[in-house]
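Below is one structure; the comments refer to it alone.
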Amino acid sequence: MDPRRLALIHSGTVEQRRSVGSGYLITPRLVLTARHVLVNRDTGEPWPEIEVRIGHPGCGDTTRAKAELLWDHPDGLDVALLRIEREMDVPGAVRWGRPVGRAPLPYEGLGFPRAAIVDSREVEYLRGVLAPLSGSGKYYVLDQRIAPAPGTEGKHAWGGASGAAIFCNDHLVGVVIAEPQTYDARRLFALPVYGFVHEGGCAAHLEKHGGGSTDLIDIGAPLPKARPAAERTPIERELEKLLKPLLADLNTRATHARDLARELGYEADGYDPTVADLSALLVTHPRALASLGDALAAKGLDAPARTHLTNLLFRARILGCGSLLSSAEHEELLDLLRSLCKEHPTLLPRAAREALRYTVLPERLTRPHLAAEDLDRAIEELEELPDSERVPEGTPPVPALLRLVEYVAAASGTEMRAILRAWSKATAARLGIHPDALGERRMDATHWVKHQASPVSRVVMKLERDDSAQEERYRCRILLARMDGSHSVLHAPESTAMTPQEVARSLRDAVTAASKEPGQADHVPWVTVVVDKAGLHLAVDEWEPGAPNDILLEQPIGAEYRVTLSCPELSDIRPEREGDQKRRWKRGQTTALVTDQTCGNGAQLRHLLQTDHRDAAQVVLHGPADQRESWLLVCLVLGVPVVLWDRDAVGYEDAARLRSLAPSGGLDGLPERVRVFRSNCIAYPDKQRARPSLVWEPDGQYPKPESLQLRDPWKGTHTS
């Protein structure tokens, strides 16, 4: 890889740059890049203006040149060649390669991602491992060693890196084309050069422009070798000490090392490593150490050797060396849980909330559902969680992942329960975990299943307007309040600003999750939306999550759920408010104040609420639109728990628009009457014109979701 061949690509119109991408100068006049960098996504046509900057800013001068789209793939692959207006004097020639074998290959590249912007586009050095066995074969999977935080608001952290050339062993093997949605910016996709360099006329253009040989050189991953002693890391040196008692015999070490190397995808004939070489192999592959431990345990060990193995695996966890599970354990667990995710998508998140209630869960397990495609990453994150306490002295603690598996097993059918418990028992034995410690977790799980959580009484969603966003965006926090006063957290401590539609979609997912919990009654859910005083004007009930399928049309959440507002922050303004609410709930559920012309201003409203209607639990707010906001705050601050008004009403003359709601009728049925009214408005838009808002402060406090936040960023497919 030659930094002097790096290309920054801008494309767009004469008036405005519209797209940024990366590329690589493969001949004196040709730049290789991804096609989507160069085209208008709305029309699919190339942008008329393309400018390229050749060279790395840190390696001397860079050169700007106009460019034109010379070639793209006739079958629509995301790759293109640009021809720049003049030749660049860059020595050497590009060598082309094709990864072979199964072992992950180190890769490198240079690009201009959005995450690297300081004052302008800065260069980012891409490096990590290319995993030949990942993906469908149509693209390479690049696991990035250094990764930015995920992008937000639909903007990709790696946006601008598309088109970057990827090198293995100094051979160009692929072109970055996409950032997948589910890997938190830690993974990229690259188009293999073997799929296009000899197809569709690409090679002819390279030959015409002095590109040299396009022969593909097979590149296999070499077995890692130990560096000189002074250059080894502390982890490598520690592993050497821990391995020596177990693998002091040369033949035993060679046998296990060769088996492990073959399992990892290397050509291992004749592999005869030193302990230091084996340590280098173990730190190179996340599952290598656990796989070696699996093989050693399967051979049967005497007591001293078993103690050495337990110490090795335990110390490795402390050092952060390698994954918890071996390759075989990981694959078996994936297969078992994948079928469960498809049949019971809420089971793993629900079990995780209970089994690991004092742990910060991986974000994927804070959602109402766990999709099967997210399972692999969720397991990887669970492997990294801290271990439990309370184990027999001198034995390793039970990992969080095994505890969760026990809870999932307890909630599964008889056959699956037995299989999961067998997997858990075998993995615990390999790790050296005392059977009593695992048995205690199994008893906890059994107790949980026998005493399932109380049914959900309502879904509580807190909304906060994101004032830093140019468009309408909110931060959304959700929990499930239960009939016994407990609650379940649905979302993680991080938050991403979302559109109203994304908020509504998250709410729908939460309600769906609640409805699938054991013992949940079949009823129309009640959703409490917690807002600040400025948010009381929000028409949250009209937010649409999108059509659930191709048959049912889209409808607002207020037509499907009982959606009411709550504003707890007003109790900070007047601490006596909560006491007034309790009094009004106790004494005034059968009385309501319906404002009319006799209530002409805020002072008169306050007078009525402090005298004749001191105990009224409800106000139906009619009156001038320009006074409604201040009157609403007067009602709420004075402790009125239920306030109904028409958002579209202009004055007292519009009071009749709410008449069909029986607004001053029984409080028990009011939220459902409002839901039915909203549904009628959708079904018969010409007959209903009111837009009711309903504040309902509960009789008794539900959990406040200050620390609970949702993180559900939207991502597309392209990285630029």
Side-chain angles (χ1 to χ4, degrees), residues 99-106 129 131-133 218-229 232-334 383 396 422-423 425-433:
V100 295
R102 299 185 298 121
L105 276 163
V129 292
L133 293 185
D218 288 345
I219 303 171
L223 278 159
K225 295 285 290 182
R227 293 173 292 182
R232 295 171 197 164
T233 66
I235 291 178
E236 288 174 319
R237 293 196 294 268
E238 180 74 9
L239 282 180
E240 288 179 55
K241 296 177 184 178
L242 294 168
L243 283 169
K244 282 179 180 178
L246 279 167
L247 297 172
D249 180 73
L250 297 180
N251 291 331
T252 301
R253 182 169 69 241
T255 299
H256 282 293
R258 288 169 191 164
D259 289 344
L260 177 62
R262 291 190 186 98
E263 182 180 336
L264 297 173
Y266 292 99
E267 174 54 54
D269 290 345
Y271 183 45
D272 191 10
T274 64
V275 174
D277 290 334
L278 184 55
S279 298
L281 178 64
L282 295 179
V283 299
T284 301
H285 298 272
R287 300 203 181 279
L289 180 57
S291 296
L292 176 61
D294 204 358
L296 289 168
K299 294 290 185 181
L301 300 173
D302 57 25
R306 176 66 254 190
T307 300
H308 286 308
L309 177 58
T310 299
N311 189 41
L312 166 65
L313 298 175
F314 181 55
R315 288 290 300 160
R317 294 278 290 158
I318 295 175
L319 294 169
C321 177
S323 302
L324 173 71
L325 303 182
S326 69
S327 297
E329 291 165 346
H330 177 253
E331 288 302 318
E332 184 180 0
L333 183 62
L334 262 182
E383 289 180 86
W423 178 93
K425 180 180 179 181
T427 303
R430 193 265 300 171
L431 292 168
I433 293 169

So how far is it from Leu292 CG to His256 NE2, rounded to the nearest 0.5 Å?
7.0 Å
Give a yes or no answer on whether the side chain of Glu240 reaches the backbone of Ser279 with a donor-acceptor pair at less than 3.5 Å.
no
Point-to-point distance, once rounded to the nearest 0.5 Å, from CZ of Arg237 to CG of Leu242:
13.5 Å
Euclidean distance, Glu332 CD relative to Thr427 OG1, rounded to 0.5 Å:
7.5 Å
Partner residues of Asp302 under the salt bridge (Lys or Arg N to Asp or Glu O under 4.0 Å) criterion, sequence neighbours left out
none
Decide yes or no on side chain to side chain contact (heavy atoms under 4.5 Å, CB included) for Leu239 and Val283, but give the supporting numbers first.
CA-CA 9 Å; Leu239 282 180; Val283 299; 3.6 Å; yes
One should read off an interatomic distance between Thr310 OG1 and Arg315 CZ, to the nearest 0.5 angstrom, of 14.0 Å
Could you tell me which non-hydrogen atom of Ala297 sits nearest to which non-hydrogen atom of Arg306, and how far apart they are?
CB-NH1, 4.2 Å
Between Asp269 and Arg262, is any pair of side-chain heavy atoms under 4.5 Å apart?
yes
On a heavy-atom basis, which atom in Pro132 and which in Gly101 lie closest, and how many Å separate them?
CB-O, 3.5 Å
Heavy-atom closest pair, residues Pro104 and Ala221:
O-CB, 3.6 Å
If you define the side chain from C-beta out and look only at heavy atoms, does anything of Ile235 sit under 4.5 Å from Glu238?
no
Using the side chain to side chain contact (heavy atoms under 4.5 Å, CB included) criterion, which residues pair with Glu263? Sequence neighbours excluded.
Ser291, Ser327
For Asp277 and Lys225, indicate whether the former's side chain and the latter's backbone hold a donor-acceptor pair under 3.5 Å.
no
Using the test side-chain hydrogen bond (donor to acceptor under 3.5 Å, both in side chains), find all partners of Arg227 that sit at least two apart in sequence or belong to another chain.
Glu236
Please lay out, stage by stage, how Leu312 and Leu289 fare under the test side chain to side chain contact (heavy atoms under 4.5 Å, CB included).
CA-CA 9 Å; Leu312 166 65; Leu289 180 57; 4.0 Å; yes
Salt bridge (charged side-chain N to carboxylate O under 4.0 Å, His left out): which pairs involve residues 248-258, sequence neighbours left out?
none
Answer yes or no: is there a donor N or O on one side and an acceptor on the other, between the side chain of Glu383 and the main chain of Leu324, under 3.5 Å?
yes
Short question: side chain of Arg232, backbone of Ala226 - any donor-acceptor pair under 3.5 Å?
no
Please tell me if the side chains of Pro396 and Leu431 come closer than 4.5 Å, counting only heavy atoms from C-beta onward.
no
Would Leu325 and Arg287 satisfy side chain to side chain contact (heavy atoms under 4.5 Å, CB included), going step by step from the backbone distance to the final call?
CA-CA 7 Å; Leu325 303 182; Arg287 300 203 181 279; 3.6 Å; yes
Run the ring-ring contact (aromatic ring centres under 6.0 Å, His included) test against Tyr266 and tell me which residues pass, sequence neighbours left out.
His285
For Leu278 and Ala257 the tightest heavy-atom approach is CD1-CB, 4.2 Å
Rounded to the nearest 0.5 Å, how far apart are CG of Leu334 and NE2 of His330?
4.0 Å
Results of side-chain hydrogen bond (donor to acceptor under 3.5 Å, both in side chains) for Glu329 - residues two or more places apart only
Ser326, Arg430
One should read off an interatomic distance between Thr284 OG1 and Leu264 CG, to the nearest 0.5 angstrom, of 9.5 Å
